[in-house]
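Convention: sequence-line order gives letters A, B, ...; per-chain numbering from 1.
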Amino acid sequence: MIDPRLLRDDPDRVRAAQARRGESVAVVDDLLSADVTRRESIAAFERLRAEQKQLGKQIATAQGDKRATLLARTKDLAAQVKDAEAVQTEADAAFHTLMTSLPNVADERAPAGGEDDYVVLEQHGTIRDFDAEGFTARDHLELGTLLKAIDVERGAKVSGARFYFLTGVGAMLELALVQMAMERAEQWGFTPMIPPALVRSRAMDGTGFLGQAAADVYHLPADDMYLVGTSEVPLAAYHSDEMLDGSSLPRRYAAFSPCFRREAGSYGKDTRGIFRVHWFDKVEMFTYTTLEESYAEHERLLSYEREWLTALELPFRVIDVAAGDLGASAVRKFDCEAWIPTQGRYRELTSTSNCTQFQSRRLDIRVRGTGGTTEPAATLNGTLCAIPRTILALLENHQLADGSVRVPQALQPYLQGRDELKPAGSGE
RNA sequence: GGAGGUGUCGCCUAGUCUGGUUUAUGGCGCCCGCCUGCUAAGCGGGUUGAGGGUUCAACCCCUCUCGCGGGUUCAAAUCCCGCCACCUCCGCCA
């Protein structure tokens, strides 16, 4: 939810942001008129209610005839108060419904347009030339099969398409990445967390995932619970309905959790291997801070992602995601995309968003400042390591001619010092 | 799943049986001031949050806010119903 005051004071800014997202500008005028209706109904109700309270006080002390007269008057008034309250509740709900459907006000620096209108900010690492090295690169599934690290056939047998087993060195690789990610995050000042992956609608809705992204979320109707698509959800809801002391900020959390995504509308996309799956594990960074500090914090999260991918020796670029591709909560988003040799292009590995006060307004997370002031907290999130895509990038980028895979130096201590993963022998 | 108990301002707490003069009591913490070599202590004052009106802004005025939502009533922290969370016990399961 955006700041209602911004809507009232500077509707043109909201209109401009909507336009850059490619979304309705007219909704701003609907909101403005709903706000007027709402405020008028509040004033009307409060006038009647104040009168009722006044009379109630007199009744408490009145005696005899005087009391009877007052009772007769106020009985009628009670009905009017009730009606006015109903009108107000309705006007409030109408305003609120419109308000919650409005995405966050995109940052003016976020490029206008949709998915393809991103701007490349940086490029890191060197892309290997496999032709020059004298062999054809295998894709991650081939490599994963050779190494007996990835089993998608049995994943499909047991759970269906877009499921997989990580086996042997594949399983150990996940644990190594997780351990390395959590250790680094803790050194950077994040509190390690293992959050619930099953949440109530409040948490899911509060983080903005039951809006336009609802079709992508697994829902368990028997219990009205949701499987999270990212631990951003439980981490954002962690401090819901709380007042945070300003001096305790920033609060940084790093969570390891499974993620579940229905991938509705992505039929036929990335069907091979483990690039796009219904379930995966991820280490996610999350920060609570002030609006003022959020922009610097966003850069900081990006720098951690950069440092992480560099440690894994992966070639990647950073893009500034266009306004229309931000999702409802974010004002700005940076994606780190790793080079995927067999696809000949960069693909998203990590993503960091500044959600400013959008999620906090819905989840009621406030900060008490030094002067006793209160304001909604700002929330930010960033991927540190999404396991399957990271494994994919590692296998493809560090493969050798015989199907072995070189282990980047920083990861070696987490794999018993191994510097290479070798294809397993034949047979089961 | 069954039985019982609890939920009050950042934290603790009085008030609930017996509805109204409650502007929800007091303490801790915090903020401001006084005092004092400094600090602490002491003394005095302030301190729930959200929204609306007014305003350049503030002061100020009003409404809502006692876990959440409904109901009864002229009037609800207080009475009734539903839900949620926590605690104790029983059952079941890992």
Looking only at atom [atom1], what distance separates [N] and [M], rounded to whole Å?
N     : M     : atom1 : result
B/C31 : B/C17 : C1'   : 39 Å
B/U55 : B/C43 : P     : 44 Å
B/C84 : B/A76 : P     : 26 Å
B/U21 : B/G69 : C1'   : 31 Å
B/U65 : B/A77 : C1'   : 11 Å
B/U23 : B/A85 : C1'   : 31 Å
B/G15 : B/U8  : C1'   : 9 Å
B/G7  : B/G46 : C1'   : 29 Å

| request: Quick one, give me the B/S/- string for nucleotides 52-60 of chain B, reading 5' to 3', where B means a protein heavy atom under 4.0 Å from the base and S means that only happens at the primed atoms, P, OP1 or OP2. | output: SS-------
Protein-nucleotide distance ([X], atom [atom1]; [N], atom [atom2]), rounded to Å:
X      : N     : atom1 : atom2 : result
A/D92  : B/G69 : CG    : P     : 13 Å
A/L55  : B/G20 : CG    : P     : 19 Å
A/Q88  : B/A50 : CD    : C1'   : 12 Å
A/E85  : B/C74 : CD    : P     : 16 Å
A/F45  : B/C64 : CZ    : C1'   : 7 Å
A/E375 : B/A50 : CD    : C1'   : 16 Å
A/L7   : B/G51 : CG    : P     : 14 Å
A/R49  : B/C74 : CZ    : C1'   : 11 Å

Counting only Watson-Crick or G-U wobble pairs whose two distances fall under 3.5 Å, which nucleotide matches [N]?
N     : result
B/G19 : none
B/G42 : B/C34
B/C66 : none
B/A3  : B/U88
B/C59 : none
B/C79 : B/G71

| query | Where do A/Y226 and A/Y218 land on the ring-ring contact (aromatic ring centres under 6.0 Å, His included) test, with the steps shown first? | reply | CA-CA 6 Å; A/Y226 296 85; A/Y218 283 104; over 10 Å; no
| said: Would you say A/E284 and A/S231 are linked by a side-chain donor-acceptor pair, where the criterion is simply a distance under 3.5 Å? | reply: no
| request: For A/R366, report the nucleic acid contact type (base, sugar-phosphate, nothing); a contact means any heavy atom under 4.0 Å. | output: sugar-phosphate
Does a side-chain N or O from [X] land closer than 4.0 Å to OP1 or OP2 of [N], or not?
X      : N     : result
A/K53  : B/C62 : no
A/R200 : B/A85 : yes
A/Q52  : B/A75 : yes

| With sequence neighbours excluded, what pairs up with A/Y118 under the side-chain contact (heavy atoms from CB on, under 4.5 Å) test? | A/V120, A/R317, A/I319
Does atom [atom1] of [X] have more than 12 heavy-atom neighbours, drawn from other residues, nucleotides or ligands, at distances under 6.0 Å?
X      : atom1 : result
A/E183 : CD    : yes
A/F256 : CZ    : yes
A/R8   : CZ    : yes
A/E122 : CD    : yes

| said: Apply ring-ring contact (aromatic ring centres under 6.0 Å, His included) to residues A/F163 and A/H278 and explain how you reach the verdict. | reply: CA-CA 6 Å; A/F163 283 92; A/H278 287 309; 5.5 Å; yes
| field | Name of the residue among A/C259, A/P388, A/P258 meeting side chain to side chain contact (heavy atoms under 4.5 Å, CB included) with A/W279 | value | A/P258
| Which residue lies more 5' along RNA chain B, comparing A/A78 with A/P4 via nearest heavy atoms | A/P4
| note | Result for 5'-nearest mapping on RNA chain B, choosing between A/R47 and A/K82, is A/R47
